[in-house]
Structures are given as structure tokens and as C-alpha cells.
Amino acid sequence: MKSPILILFLLLFLIASACQDSASTTTDQASTKEKTEVNQLMAKSSSNEIKVNNALPQAAGMEKRTIPSKDGLEMTLNLWHQDPKNAVFVLCHQAGSSKEEYDQIAKKLTKEGYNCMALDQRSGGDKLGGDNETAKRAEAAGKSMVYLEAEQDIVSGIDYAHALYKKDIILVGSSYSASLALKIGNMHDKVKAVAVFSPGEYFPSKSPSFIQTAMKDFSKPLFISSSKSESLDLKKFLDIAKSDIKVHHIPKYDGVHGARALWGNTDASKDYWAAFNGFLAEVLK
């Protein structure tokens, strides 16, 4: 007959093992849940009857187009077309901003022969001088405009760009959309590489490590940059990524928050561009 002490010891051992397994299962379940949500967005079809131009432009240049987001909201984008044979970028703006955040950047990229699609996400505005038409429509329709709602807009942009060019996408994000780009880029099979400027854990209502959890098993080429003061905080994302190509660019000078680090009038913009172009050369060789 087993002694009471031995029985108690066995019970405590079983409880400790169960708690450890439970913690591991919780993390795995959270990661699986995020992947399921992105897969659902990718599969979701819009019920809105928006006329969509599914043809490539006949000549190089920029043209404005509209497509339906996953919930049917009409979404505006600027398509910067150059050469259908070359790489395609989907460009996502920061909070309070618009597709025009990328005007200078897209012009520079198209000069290199690349194709760019700059999105108006519903979480945005005219903060950097642009005109976010998608945000205006979302507000008029009474739709939520919180950061996470823009995820469906970004997924729609990726799907549309891939349908036009028949090639995988380089996804670029700025601030809150940089965080979403890490999440979406990890899980979307049409994303080739991810470049982000000033990502962070901007979703406290979800969890303090929402993006880090969503990045589990991240293995795609990754470029991360920010202002100098933000650079230390990016280590948590870099440590998770298992990418063969992984670049953390820290500017020589103070720099700025978000993708406008690549604007010509930004402190150290040449420094940012040199690092970004080096990353692209490695990814696209």
C-alpha cells in the first residue's frame, strides 16, 4: 500500500506537469488562432458590387483604382506601374496617414523598374498631407476604424496585386501597419518578403505580445528599421524571426518614425535607402 506522502508527491508532480503543458498549449493556440484569422480573411469574398479593373496598365505611370476590401468597403489605392516582369511592392501607411505617404518612395522605386501599390487603409487620415478616401468611406458607413480593422484592407491589397502581376509580393509597412505587415506577411502565402519601419505592439486590447505571438515561425526575408531611439525595442521582433535574410538597420543619425524615413528631406534618408536597397538586392538576386 502506497504511503500518503508518496501519493501526495505524485499528485503534485502531475499538477505541475499539467500546468506546464497548459502554458505551452495556450501559446500554440494563440498562434494558430492568428493564422486561422488571416486564412479566413484571405478566403473571404466581398459581397459589394464594385467594378474592379483587373488589367495591367498599358503604360508606365501612376493611376488611382478602387477595389473592395474583404467586408465590401470600397478601398482606394495608387498603382505605380513600371514593368510587369519586375518585383511588386504593396505599401501600407502609418496611423492618420494615406497612400500619399508613399508618393516619393513609389516614384523612386518605379525608377528602379519596380511596381508599387500604395493603399488607403480605413485606419488613416490626412496627417501627412494626403487624402485617405477609404477612411472617409469607412467613417461615413459607421465602420470601425481601429488599427486591426485595416488588416482586411492590407490582405485585399496583397490579393489584388498578386492577381494583377501573377507574382509574390514585397510587403512594406509603416508604424501600426508595420506591425500588421509582420503578422500578415508571416501567414500569407503570396508574400515573398517583409520590410517594416517602426513596428510595435500597438494592440493592447489583444495582448501585450500580440504581434510577437503572430510572428511565431517567421522565416521570410525581413528588413526592420526605425528612428534611432526606437531601435532597441525592435530586438523582440528580430529575435523571433528565423529568416535566412534578416536586416536590422539602425540609422546613423536620429532618423524618424515610420516609412517617411525614406523621404528625401528626412534626416539620414540616404542611409535608410542604402540599407533598404541592399536588402532588396539580396532578396531579388
Side-chain angles (χ1 to χ4, degrees), residues 78 80 87 89-112 114 116 118-119 121 123-130 132 147 150 154 170-185 193-204 210-212 215 218 220-241 243 245-284:
N78 284 343
W80 298 80
F89 293 74
V90 170
L91 310 172
C92 310
H93 60 73
Q94 66 177 264
S97 186
S98 68
K99 58 193 177 300
E100 283 79 22
E101 180 178 335
Y102 285 97
D103 279 0
Q104 285 189 42
I105 299 165
K107 284 176 185 176
K108 195 172 179 70
L109 288 171
T110 52
K111 280 184 180 179
E112 298 298 318
Y114 302 128
C116 298
L119 308 179
Q121 297 124 225
S123 188
D126 59 2
K127 173 182 172 182
L128 298 180
N132 192 320
Y147 294 162
I154 296 171
I170 297 173
L171 183 61
V172 181
S174 177
S175 192
Y176 91 86
S177 74
S179 302
L180 290 179
L182 291 172
K183 178 179 186 289
I184 297 165
V194 178
V196 291
F197 294 83
S198 304
E201 290 291 356
Y202 301 126
F203 308 91
F210 178 63
I211 298 301
Q212 294 167 75
M215 281 183 69
F218 189 106
K220 295 178 182 179
L222 176 64
F223 175 90
I224 293 186
S225 192
S226 64
S227 65
K228 183 174 280 189
S229 63
E230 296 170 310
S231 59
L232 281 176
D233 197 41
L234 303 187
K235 190 174 183 297
K236 59 193 176 191
F237 303 117
L238 289 155
D239 288 347
I240 291 169
S243 316
I245 302 173
K246 183 165 64 170
V247 176
H248 181 200
H249 170 64
I250 301 173
K252 294 176 182 177
Y253 307 104
D254 290 342
V256 296
H257 178 83
R260 61 193 182 93
L262 297 173
W263 288 10
N265 60 350
T266 294
D267 179 31
S269 66
K270 289 182 180 179
D271 187 33
Y272 283 108
W273 271 108
F276 187 40
N277 282 329
F279 169 77
L280 295 178
E282 186 69 16
V283 169
L284 300 173

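Quick caveat: nothing in here was measured; it's all calculated off a predicted structure. We're numbering straight along the sequence, starting at 1.
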Could you tell me whether the side chain of [X] and the main chain of [Y] form a donor-acceptor pair under 3.5 Å?
| X | Y | value |
| --- | --- | --- |
| S231 | I250 | no |
| S225 | H249 | yes |
| D271 | P251 | no |
| W273 | G264 | no |
| K246 | L238 | yes |
| S175 | Q94 | no |
| E201 | F210 | yes |
| K220 | S243 | no |
| Y272 | S226 | yes |
| N132 | S97 | yes |

Distance in Å, [X] [atom1] paired with [Y] [atom2], rounded so as to fall on 0.5 Å steps:
| X | Y | atom1 | atom2 | answer |
| --- | --- | --- | --- | --- |
| Q212 | I240 | CD | CD1 | 4.5 Å |
| Q104 | R260 | CD | CZ | 11.5 Å |
| L182 | I211 | CG | CD1 | 7.0 Å |

Validation row: V283, L280 side chains within 4.5 angstrom (heavy atoms):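 SC-SC contact between V283 and L280 ruled out.
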
Parallel, tilted or perpendicular: rings of F276 and F197 (30°, 60°):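 Answer is perpendicular, since the angle exceeds 60°.
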
Test side chain to side chain contact (heavy atoms under 4.5 Å, CB included) applied to I170 and V90, L109, L284, the passing residue: L284

S229/D254 under side-chain contact (heavy atoms from CB on, under 4.5 Å): CA gap, chis, key distance, verdict: CA-CA 7 Å; S229 63; D254 290 342; over 6 Å; no

Near-ring test Y102/H93, centroid separation under 6.0 angstrom: no

Residues K236 and D239 bridged, charged N to O under 4.0 Å: no

